[in-house]
Participant: 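Below you'll find the structure I mean.
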Amino acid sequence: MIDENHISRLMKVCKALGTGNGLTLMQIRTKFKCSRRTAYRDMTILGDMGIPVARSKQNYTIKVKPADCRKRIYDTCVKKLNTLLDRSMR
């Protein structure tokens, strides 16, 4: 399950990768104070949420608008929560 801090970081990563030329892996790690593994995991999770993360030779970018990122993150979290609640009601 994704907690509040993780949701917030995913949204911030989405916004940062959607501006300018994106960020390098080192910039992502520094800006969000996370490990290399966490940075990769977050980009994989964004992809799983329908937010494609593109990688050039050095930079990671997102071509999705922040409002669309927010909606996709929100929809995914709501869907997971509904699934969890449905299971607990059985």
Side-chain angles (χ1 to χ4, degrees):
M1 193 67 160
I2 300 174
D3 66 20
E4 180 181 345
N5 292 330
H6 195 192
I7 293 169
S8 178
R9 186 176 69 241
L10 288 173
M11 191 60 222
K12 290 175 184 174
V13 167
C14 217
K15 187 175 178 182
L17 296 182
T19 58
N21 294 325
L23 298 173
T24 65
L25 181 62
M26 185 56 76
Q27 289 170 324
I28 293 168
R29 292 179 60 199
T30 301
K31 185 174 184 84
F32 301 104
K33 297 176 180 71
C34 65
S35 69
R36 178 178 184 221
R37 181 70 193 119
T38 296
Y40 282 130
R41 191 179 305 119
D42 283 351
M43 288 183 277
T44 299
I45 289 169
L46 288 172
D48 292 345
M49 291 178 165
I51 303 166
V53 179
R55 182 174 180 235
S56 67
K57 229 174 189 179
Q58 294 181 355
N59 291 352
Y60 291 88
T61 58
I62 291 177
K63 300 295 184 204
V64 178
K65 295 176 186 174
D68 292 333
C69 284
R70 182 185 183 284
K71 181 176 179 355
R72 291 177 190 186
I73 291 170
Y74 173 84
D75 289 347
T76 300
C77 291
V78 168
K79 184 178 179 182
K80 287 184 179 187
L81 181 58
N82 283 332
T83 301
L84 179 65
L85 291 172
D86 287 344
R87 281 190 212 147
S88 68
M89 298 301 285
R90 292 182 188 160

Participant: Distance check, rounded to the nearest 0.5 Å: Gln58 atom CD versus Leu23 atom CG?
Facilitator: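 One finds 12.5 Å between CD of Gln58 and CG of Leu23.
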
Participant: Can you tell me if Arg41 has over 12 outside heavy atoms packed within less than 6.0 Å of its CZ?
Facilitator: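 For Arg41, atom CZ is crowded (more than 12 foreign heavy atoms under 6.0 Å).
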
Participant: Look only at the side chain of Asp42 and the backbone of Leu10, and say whether a donor-acceptor pair between them is shorter than 3.5 Å.
Facilitator: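 No; zero donor-acceptor contacts below 3.5 Å.
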
Participant: Atom CD1 in Ile28, atom CG in Leu17: separation rounded to 0.5 Å?
Facilitator: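 Separation between the atoms: 5.0 Å.
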
Participant: Just how far is it from atom CZ of Arg55 to atom CG of Leu25, taken to the nearest 0.5 Å?
Facilitator: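 Arg55 atom CZ to Leu25 atom CG measures 8.0 Å (nearest 0.5 Å).
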
Participant: When you look at Met26 and Thr30, which way does the side-chain contact (heavy atoms from CB on, under 4.5 Å) test go after all the steps?
Facilitator: CA-CA 6 Å; Met26 185 56 76; Thr30 301; 4.1 Å; yes

Participant: What distance do Ile62 atom CD1 and Ile51 atom CD1 have between them, rounded to the nearest 0.5 Å?
Facilitator: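 So the gap between those two atoms works out to 6.0 Å.
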
Participant: Can you tell me if Ser8 uses its side chain to pair, donor with acceptor, with the backbone of Glu4 under 3.5 Å?
Facilitator: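 Side chain of Ser8 to backbone of Glu4, a donor-acceptor pair under 3.5 Å: no, none is there.
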
Participant: Do Lys79 and Asp75 meet the salt-bridge criterion of a basic N to acidic O distance under 4.0 Å?
Facilitator: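 Lys79 and Asp75: not salt-bridged.
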
Participant: Rounded to the nearest 0.5 Å, what's the gap from SG on Cys34 to OH on Tyr40? Could you check?
Facilitator: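 Answer for the SG-OH pair, Cys34 versus Tyr40, is 11.5 Å.
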
Participant: How about Arg72: does its CZ atom have over 12 heavy atoms from other parts shown lying under 6.0 Å from it?
Facilitator: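 Yes, enclosed.
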
Participant: In Å, rounded to the nearest 0.5 Å, how long is the span from SG of Cys69 to CE of Met11?
Facilitator: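 Going from the SG atom of Cys69 to the CE atom of Met11 covers 5.5 Å.
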
